[in-house]
Amino acid sequence: MRLLLVWVIILVGIYACAPKNVEPTSKDSKSKPSEEFERTLTLDDVTLEQADDQGKLLWKIKAKQVNYSKDKKMATVKNPVGELYDQGKLLYKIKADQGEFEQNSRRIFLRNNIVATDPNTGLVLKGKELEWIVQQYIIVVRNGVTGDHAQLQAVAREVQVFYRQKRVEFWDKATVSAKDPVVKLQSDHIIWQMEPQLLISNMKTEIERYQNQTITDRGVAETAEMNLKTKIGILKKNAQIALSQPPLQISSQELQWNYEKQTISSPQFITIIQREQQVTLTANQGWGDLKNNIFYLTGNVVGIGQKRQVQLNANAVNWDIIQQSFSAEGNVVYRQIDPPFSLMGEKAVGRFENDTIVVSGGNTGTPVVTEIIPE
């Protein structure tokens, strides 16, 4: 049996259960449908449709059974399978165990074993509740939501799909995992801008990079952005990245991390700590090649070797992390505590591990100055 329901009454208030972008639905509207519902009409194998004011399809639902309220303003259905539309264009295919339809509010609410599929992007969302806010073209899926797409997988307590804006928002203990390479973002709010292929979080975020199902690197920051196309993550505000190979801890107010090519750079003050060798380097900015274990630091570079209590100052330093060797240029000053002495020149090469250093005057003829401090 096929019924055509054309609902043309537009209300100003649309109720939704979104925690941030959409006003919450009252608990009464969720918990009392059976109390409010008077089953005066029951039909089997029904197709329900609703069109907009111009006659364009808004949604179409097939169900094994439909029960209408006495005033015909509410219907509940069993095993609904249907489609959602935007001015006649197919947006999502949906199915569930149960559903409710409110005529005046143009609202669809589905429960249990939710599956919502976007045939245009391939995104599949599953959860326990779904709400379709017809006039705003917003889909909200709640309670144990999982999402799957060619580019990523996601888990969250709630997902909001803003179809016209091509934006998906994951809320509350959300984890979004890029598939190639595997990198996970964890935050209470992650925004996926589908066309520029960006994942954005303006809350505290953790980023984990995996290799063979093992975490190799971990980052944390107050805000983060990950470009799924360029494979570059940008961490800002108290950003830190801990690397397993080479074993480093890197911190700055901004870190740009190419997790595919394995490079890290910062245009701001940067600190690098090698805990095994107890070496710390700071600079105004830096760039690291993690595959070749080399960092290039510029601007007020300070290197400290805690084991031997030495300090290196220079305008620029190239640091080979594995060899623990360095080359420095520009106003080089090398100080050692035991035995106490210092060297000054334009260039230097050496090793933090055994305090071996050679300082030269450079091409300008600047002499090397050696200062020995008596005991």
Side-chain angles (χ1 to χ4, degrees), residues 5-30 33 48-61 73-77 80 82-96 98-111 114-143 145 147 149 154 156-172 174 188-196 198 200 202:
L5 304 180
V6 181
W7 295 344
V8 298
I9 303 174
I10 302 175
L11 296 184
V12 175
I14 299 174
Y15 297 95
C17 262
K20 308 296 185 299
N21 301 79
V22 184
E23 294 182 3
T25 301
S26 67
K27 292 182 178 179
D28 290 341
S29 65
K30 289 185 181 180
L48 306 175
E49 294 182 356
Q50 181 179 348
D52 61 17
D53 297 343
Q54 287 75 41
K56 293 183 179 179
L57 197 60
L58 287 172
W59 54 262
K60 179 171 64 175
I61 301 289
K73 291 183 178 181
M74 178 179 283
T76 62
V77 294
E83 298 168 343
L84 308 178
Y85 293 84
D86 181 356
Q87 297 182 346
K89 178 186 176 182
L90 178 61
L91 300 186
Y92 266 80
K93 295 182 178 181
I94 57 174
K95 65 178 183 178
Q98 302 172 23
E100 298 170 22
F101 303 85
E102 296 178 2
Q103 176 182 355
N104 292 337
S105 66
R106 290 187 174 180
R107 168 181 170 270
I108 295 176
F109 193 86
L110 305 182
R111 288 189 177 90
I114 301 297
V115 179
T117 304
D118 181 347
N120 301 295
T121 66
L123 176 62
V124 179
L125 297 172
K126 297 181 180 180
K128 295 181 180 178
E129 296 179 354
L130 180 146
E131 188 163 7
W132 169 233
I133 307 167
V134 180
Q135 290 178 322
Q136 297 181 25
Y137 299 95
I138 297 173
I139 296 173
V140 183
V141 184
R142 307 181 185 91
N143 296 337
V145 185
H149 184 265
R157 289 186 177 177
E158 181 165 314
V159 176
Q160 301 170 6
V161 181
F162 299 81
Y163 193 89
R164 289 187 169 182
Q165 292 80 17
K166 295 180 172 30
R167 185 176 82 248
V168 182
E169 299 193 14
F170 304 90
W171 289 94
D172 298 331
D188 279 331
H189 184 206
I190 299 173
I191 302 170
W192 177 24
Q193 295 181 354
M194 301 184 76
E195 283 200 342
L198 290 178
I200 300 170
N202 294 318

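The closest side-chain heavy-atom distance from N202 to H189 is not below 4.5 Å. Counting heavy atoms from C-beta on, the side chains of F101 and Q50 never come closer than 4.5 Å. Within the 4.5 Å cutoff, side-chain heavy atoms of V159 are placed close to those of V168. The shortest distance between side-chain heavy atoms of V115 and V124 falls below 4.5 Å. Side-chain contact between F109 and W132 is absent, with no heavy-atom pair separated by less than 4.5 Å.
A side-chain contact (heavy atoms from CB on, under 4.5 Å) with E100 is found for exactly one of T76, V77, L110, namely T76. Exactly one of E158, K128, R157 qualifies for a side-chain contact (heavy atoms from CB on, under 4.5 Å) with N143. That residue is K128.
Considering CG of D118 and CG of L123, their distance stands at 6.0 Å, rounded to 0.5 Å. The distance from the CD1 atom of I200 to the CD atom of Q193 is 4.0 Å, given to the nearest 0.5 Å.
Of all heavy-atom pairs spanning R111 and A96, the tightest one is O-CB, 3.7 Å. A pairwise comparison of heavy atoms in I94 and A116 identifies CG2-CB, 4.0 Å as the closest pair. Across all their heavy atoms, G99 and P80 have their closest contact at N-CG, 4.2 Å. Closest heavy-atom contact between W59 and I61: CE3-CG1, 3.5 Å. Closest non-hydrogen pair, G147 versus L125, comes out as CA-CD2, 3.8 Å. For the residue pair I114 and E129, the shortest heavy atom distance occurs at CG1-N, 3.7 Å.
Taking the six-membered ring where the residue is Trp, W192 and F170 present parallel rings, their angle staying beneath 30° rather than reaching 60°.
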Solution key, residues 82-92 side-chain donor-acceptor pairs under 3.5 Å, sequence neighbours excluded:
from, atom 1, to, atom 2, distance (Å)
E83, OE1, Y85, OH, 2.2
D86, OD1, R164, NH2, 2.8
D86, OD2, R164, NE, 2.9

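With sequence neighbours left out, the side chain to side chain contact (heavy atoms under 4.5 Å, CB included) criterion links Q165 to F162, R167.
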